[in-house]
Each structure stands twice: as structure tokens, then as C-alpha cells.
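Heads up, the thing below is written out as C-alpha cells.
All values below come from the heavy atoms of this structure, side chains included, with hydrogens, waters and symmetry mates left out. Keep in mind that this is a model prediction, so the values were computed, not measured. Letters A, B, ... mirror the listed sequences (proteins, then strands); counts begin at 1.
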Amino acid sequence: APPEWDWRDKGAVTKVKNQGMCGSCWAFSVTGNVEGQWFLKQGDLLSLSEQELVDCDKVDKACLGGLPSNAYSAIKTLGGLETEDDYSYLGHLQTCNFSAEKVKVYINDSVELSQNEQKLAAWLANKGPISVAINAFGMQFYRHGISRPLRPLCSPWFIDHAVLLVGYGNRSAIPFWAIKNSWGTDWGEEGYYYLHRGSGACGVNIMASSAVVN
Amino acid sequence: APPGRAAGAQSWEAASSELLGPARFALEMYNRGRAAGARAALGAVRGRVRRTGQGSLYSLKATLEEPPCNDPMVCQLPVSKKTLLCTFEILDELGKHMLLRRDCAPVDTKITDDRNETFSSFLPLLNMDPLPKDLSVKMASIFKDFVTTYNRTYETKEEAQWRMSVFVNNMVRAQKIQALDRGTAQYGVTKFSDLTEEEFRTIYLNPLLKEEPRKKMRLAKSISDP
């Protein structure tokens with residue numbers, strides 16, 4: 001893999017969004033991944049609808065949580081995703097208002113990725129931003145910098161937040177993952193979180209996945 | 001500071017030799033876990049000391065020189081040495097040192113965080129025994145700053161008082177997280193600082209992620225092309 005990579009520099013990442021008072025991080029992680037996959041395959045960056053997943057993915061639990069693997073299946077079953085503008089985010093569950101005519105993006109499949117962080121870096125640089133799930137220890141009070149909590153405090157067994165890997169690199173020889181969060185731009189580094197790379201910090205390597213767009 | 005000075009008095013012109021002990025302790029904590037060739041070295045140190053009832057509180061600004069990185073496990077391309085500017089707060093009580101704050105950033109970083117300087121300087125006050133008489137005034141002032149910054153509103157005075165107590169408790173939590181972090185992250189006041197841990201977890205996090213079983217997907221092929 002290249003020594004550093006950032007999909008934000010390549011135009012594959014939409015602006016940071018805000019899930020509001022709703023546990024819908026899973027939807028934001030997945031739409032972020034699909035946005036990247038569509039951009040790489042079709043050359044068009046579209047901001048996609050999380051509300052469609054919140055309302056219409058009946059396997060997941062809307063604001064009470066969900067799994068990216070279920071969300072990918074829901075997108076396939078529904079037939080695709082509408083854009084953010086067409087199906088705007090409200091931050092709470094409502095009746096599914098999906099319209100097949102308004103679908104702008106579809107996916108063909110989804111895959112689970114390696115737990116090896118070097119392989120994840122290579123996959124990211126080659127294929128696009130990656131949906132991951134992490135232990136959110138410390139994130140309530142995170143302001144900036146590269147987070148590296150002690151392993152017992154940030155166990156990979158207690159993953160509780162889904163986010164999007166958009167890049168990686170080094171700051172002062174400390175390797176990091178650049179992570180797009182969904183708590184607005186007034187949190188962290190303009191909405192981004194930087195987590196130590198290479199040590200399995202906070203379980204970042206445990207649940208990596210991506211949609212596949214042919 | 002001259003011996004015999006009253007406890008709590010501030011000494012802003014401490015002799016450099018007095019700062020070296022705490023500075024070396026801070027460096028030792030910074031380098032903990034690092035191999036010999038990867039340890040940072042101490043550069044210039046300046047600071048101040050405040051005397052408390054049972055010890056001294058040192059606030060230091062120090063430059064650390066990070067060695068060049070040639071380990072491909074850490075950095076794929078060699079990285080030249082870097083200079084960091086660090087802020088440390090060390091409490092020395094009865095000869096025992098405790099690191100209360102560690103905040104380092106490259107000297108060329110564009111991120112400034114003047115606001116957190118105030119919040120972090122306040123945290124050691126919470127550990128003093130007895131607590132300073134004007135602590136509640138300081139707490140209220142910083143909480144008011146938070147409310148203004150993040151445009152928080154509370155329905156009743158009682159709720160505002162409750163949220164202030166949660167805020168103070170969270171500042172202590174943030175301090176502990178900071179002390180235990182081995183990276184360069186800074187923790188402190190955020191827009192979530194008036195939420196209890198339970199509230200934050202319930203509203204913003206996703207407990208389903210740790211549950212098994214979850215739907216299995218096929219494993220992607222590794223990238224083999226250069």
C-alpha cells in the first residue's frame with residue numbers, strides 16, 4: 001500500500017453529516033461506503049439517503065442500532081438508494097417512503113474485508129472508503145489528535161459505533177486511520193476522528209466491509 | 001520558591017533546576033513502552049509551579065525531539081525527526097509524581113486550542129484537598145462558557161444545576177481518559193459534555209454491533225497488484 005492515502009483529496013467523500021439524537025451510525029457508515037463505491041465506479045459523487053435505510057431496512061432497528069451487513073442486504077432488496085435531497089434525513093423513524101423511480105445508486109453485492117490492517121490499507125487505497133465498526137471509548141470527549149486508548153479500555157469485544165475509514169497516514173511517525181464520523185463538523189477535527197493504525201485500536205479491524213458496485 | 005512560603009501561593013519564576021525533575025518524569029511517561037531507539041528527547045523546558053497544601057503542581061511547556069523513523073512497521077517511508085511542543089501538568093505530592101495532563105502537537109500544527117487550555121488548567125483543582133474556596137465559581141464560569149459555545153438550553157434551574165454537575169464529572173472523566181491515552185489525542189470539553197455516559201451511549205451509540213450472530217458476507221480478495 002502507498003505510505004498514505006486520503007479519499008477526501010480524490011473527491012470520493014461527501015461532507016460530514018450529523019445523525020442527530022439517533023443511533024443510526026450504521027446507516028451513515030454504509031451510505032458513506034456506497035457513495036465512495038459509486039464515485040469510483042461511475043465517476044459521480046452523490047450524497048445518499050440514510051433516512052431510506054432508517055425507515056425501510058426492516059431488519060435493523062432504526063435509531064436503536066443496526067448492522068452494515070443488514071443494510072447492504074436492504075439496499076439490494078429495495079433496489080438501490082435515493083439521494084439525500086430526495087429522501088432527506090430527519091433523525092427519527094417514520095413510515096418508509098421509498099420510491100423505486102427515485103433510485104440513483106444501486107449495489108451488486110457486499111463483502112467482508114481482512115482484519116489485517118496493512119491489507120485494509122491496501123484495499124482502501126485501491127477500492128475506496130471502508131465501513132468499519134469501533135469501540136467508541138473516549139469519543140464523547142475527543143477533540144483532536146490521534147487516539148490510542150489502552151487496549152483494556154477500548155476492547156474490540158465491545159464495538160458500539162459504525163464509521164467510515166477514508167484514509168490513512170502518519171503524523172510525527174505515528175500511524176493513523178482518518179475516520180469520517182457522523183456527529184457533525186462541530187465534533188473532533190471538523191467531524192473527523194483519527195485513530196492509531198496498526199495495533200487493532202478499538203477494534204477498528206474487526207468488522208470492515210464494503211458494498212460492491214459492478 | 002523560597003521555603004516557608006504560604007501554601008497555595010503561586011511561584012511563576014521557578015528556577016529551571018526545580019522543573020527538571022518533573023520534566024524528566026513527564027518524558028519518562030511519554031516514552032513508556034518505546035524501544036530505546038524510538039524515544040523522544042527533552043529539549044527546552046519552561047514552566048511554573050504552584051504550591052498546594054501537600055505538594056506542588058508543575059505546569060510545563062517542553063519541546064520534545066522525536067527521532068527519525070526508519071522502521072517500516074511504523075512508517076512505510078522514512079520520516080525525519082520532528083519537534084513537538086508539549087504541555088504537561090505534574091502533581092508532586094510527598095515526593096510522588098502524578099501526570100495530570102499531557103498534550104503534544106507538532107510545532108507546525110495549524111490546530112490551536114486556546115479554549116481547552118483554560119479547561120485543562122482547571123482540572124487539577126478538582127484533585128486538591130481541601131478544594132479551593134473559589135472552585136464553585138470557576139466551575140460555574142466554565143460551564144457557562146460551554147453553554148454559550150454549544151448553545152445549550154435547559155428547561156429548569158434544577159436541570160441546569162444537574163447538567164453542571166454532570167459536566168464537572170465529565171471533565172474528570174475526560175482527564176482520566178487523557179492520562180491513559182498513548183496517542184496524541186486531546187480530550188476535553190465537547191458538545192456532549194453535559195450528557196451522562198448512559199445518556200450518550202443510549203442516544204448516539206449502537207449496541208447491536210457487538211451482538212452475534214450477524215449476517216455473514218463473502219470475504220473480499222486481497223489486493224495483490226502493486
Interchain contact, [X] with chain B, by part (heavy-atom threshold 4.5 Å):
| X | value |
| --- | --- |
| A/His196 | neither |
| A/Ala162 | both |
| A/Phe137 | side chain |

* Most chain A-contacting option - heavy-atom pairs closer than 4.5 Å, from B/Ile177, B/Asn170, B/Leu180 -> B/Asn170
Backbone N/O of [Y] and side chain of [X]: donor-acceptor pair under 3.5 Å:
| X | Y | answer |
| --- | --- | --- |
| A/Gln140 | B/Leu195 | yes |
| A/Arg143 | B/Ala185 | no |
| B/Thr184 | A/Ile146 | yes |

Who among [options] has the most heavy-atom pairs with chain B under 4.5 Å?
| options | value |
| --- | --- |
| A/Trp187, A/Phe158, A/Tyr72, A/Trp183 | A/Trp183 |
| A/Gly66, A/Pro149, A/Gly169, A/Gly198 | A/Gly66 |
| A/Asp109, A/Val111, A/Asn70 | A/Val111 |
| A/Ser210, A/Cys22, A/Ala133, A/Ser147 | A/Ser147 |

Considering residues, nucleotides and ligands other than [X], do more than 12 of their heavy atoms fall under 6.0 Å from its [atom1]?
| X | atom1 | value |
| --- | --- | --- |
| B/Lys176 | NZ | no |
| A/Arg151 | CZ | no |
| B/Arg46 | CZ | no |
| B/Glu159 | CD | yes |
| B/Glu155 | CD | no |
| A/Lys58 | NZ | yes |

* Asked: Residues of residues 29-41 of chain A under 4.5 Å from chain B (heavy atom pairs)?
  -> none
* Asked: If contact means a heavy atom pair closer than 4.5 Å, which residues of residues 10-20 of chain A contact chain B?
  -> A/Asn18, A/Gln19, A/Gly20
* State the OG-CZ distance between B/Ser193 and A/Phe141, to the nearest 0.5 angstrom. => 5.5 Å
* Structure fact -> Distance col, row A/His144:NE2 vs B/Tyr187:OH, nearest 0.5 angstrom, shows 11.5 Å
* Identify the residues of residues 199-207 of chain B whose heavy atoms come closer than 4.5 Å to a heavy atom of chain A, ordered by number, or report 'none'. => B/Phe200, B/Arg201, B/Ile203, B/Tyr204, B/Leu205, B/Asn206, B/Pro207
Can you name the nearest heavy-atom pair linking [X] to [Y], along with the distance?
| X | Y | value |
| --- | --- | --- |
| B/Leu209 | A/Asp160 | CD1-C, 3.7 Å |
| A/Ser209 | B/Met217 | CB-CE, 3.5 Å |
| A/Arg148 | B/Gly183 | CB-N, 3.6 Å |
| A/Leu113 | B/Ala220 | CD2-CB, 3.4 Å |

* Contacts of A/Asn205 that satisfy side-chain contact (heavy atoms from CB on, under 4.5 Å) - sequence neighbours left out -> A/Gln115, A/Glu117, A/Leu120
